[in-house]
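Step one of this worksheet: look at the structure below.
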Amino acid sequence: MDYSATISTTASPERAAQAITNDLEQWWSTRIERRTNGFTTRFNNSHATFHFEPGASPLSFEWKCTDAHMIIEDVEDAAEWVGTRLLWQITPTETGCKIQLTHEGLGPTLPCFDVCQRGWQHFFETSLRDHLNANTGAPNTT
């Protein structure tokens, strides 16, 4: 089972799409290096590079991890994220929207799962939600 979670926000679907694609520095990491077809995010001495793939609709996004060096205690393979994909789906609601994130390939069989799941709980389930609802995300700054 891959990591998957859904958050609700009062933000419009269009605002959510903007936050996911353009506001990474405000909810995920202040160290983002953008390219035309993707980006690299850095945390301390770790990094992950994502390539944008076509989504099924204007409110869905697919990002494939093409390079990673994740330094995690007791995890030997620093490249575990390579080949995984972030699947974003925004669904309009009466009061805003819901956003589902599935990290395809990040499951309990990977040694980094517990640490990475806690990371997504912070950055997606809390920081992105807070950024959308009150403009107070908590991105990584190191």
| task | Starting from the C-alpha separation in whole Å, work towards a yes-or-no answer on side-chain contact (heavy atoms from CB on, under 4.5 Å) for Ser8 and Thr95. | result | CA-CA 9 Å; Ser8 294; Thr95 58; over 6 Å; no
Would a distance-only check, ignoring hydrogens and angles, find a side-chain to backbone donor-acceptor pair under 3.5 Å from [X] to [Y]?
| X | Y | answer |
| --- | --- | --- |
| Arg31 | Asn44 | yes |
| Thr93 | Gly96 | yes |
| His122 | Ala138 | yes |
| Glu80 | Leu110 | no |
| Ser46 | Ile71 | yes |

Validation row: [X], [Y] side chains within 4.5 angstrom (heavy atoms):
| X | Y | result |
| --- | --- | --- |
| Thr91 | Gln100 | no |
| Gln121 | Gln117 | yes |
| Arg85 | Glu53 | yes |
| Asp2 | Leu87 | no |
| Met70 | Val75 | no |
| Cys65 | Phe50 | yes |
| Gln89 | Thr102 | no |
| Trp88 | Thr21 | no |

| Do the rings of Trp81 and Trp120 sit parallel, tilted or perpendicular, given the 30° and 60° boundaries? |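 Ring orientation, 0 to 90° scale: parallel.
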| task | Could you label the plane-to-plane angle of the Trp63 and Phe52 rings as parallel, tilted or perpendicular, counting under 30° as parallel and over 60° as perpendicular? | result |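 Plane angle between 30° and 60°, so tilted.
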| Could you go step by step and tell me if Arg34 and Leu24 meet the side-chain contact (heavy atoms from CB on, under 4.5 Å) rule? | CA-CA 10 Å; Arg34 296 178 188 277; Leu24 295 166; 4.0 Å; yes
| field | Polar side chain donor-acceptor pair, Asp67 to His47, under 3.5 angstrom | value |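 Distance-only check passes for Asp67 and His47.
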| said: Would Phe124 and Ile99 count as a side-chain contact (heavy atoms from CB on, under 4.5 Å) here? Give the steps. | reply: CA-CA 10 Å; Phe124 172 65; Ile99 306 167; 3.9 Å; yes
| query | For atom CG of Asn22, is the number of surrounding heavy atoms from other residues, nucleotides or ligands below 6.0 Å larger than 12? | reply |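 Atom CG in Asn22 is packed in, count exceeds 12.
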| task | Give the intermediate values and the outcome of side chain to side chain donor-acceptor pair (under 3.5 Å) for residues Asn133 and Thr9. | result | CA-CA 6 Å; Asn133 288 338; Thr9 178; 2.6 Å; yes
| Criterion side-chain contact (heavy atoms from CB on, under 4.5 Å) on Ile90 and Glu14, from CA distance to verdict | CA-CA 9 Å; Ile90 301 169; Glu14 296 77 19; over 6 Å; no
| Smallest separation among heavy atoms of Ser127 and Phe123, with atom names |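 Shortest heavy-atom contact: CB-O, 3.3 Å.
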| query | Which heavy atom of Thr41 sits nearest a heavy atom of Phe43, and at what distance? | reply |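 So the two residues come closest at OG1-CE1, 3.5 Å.
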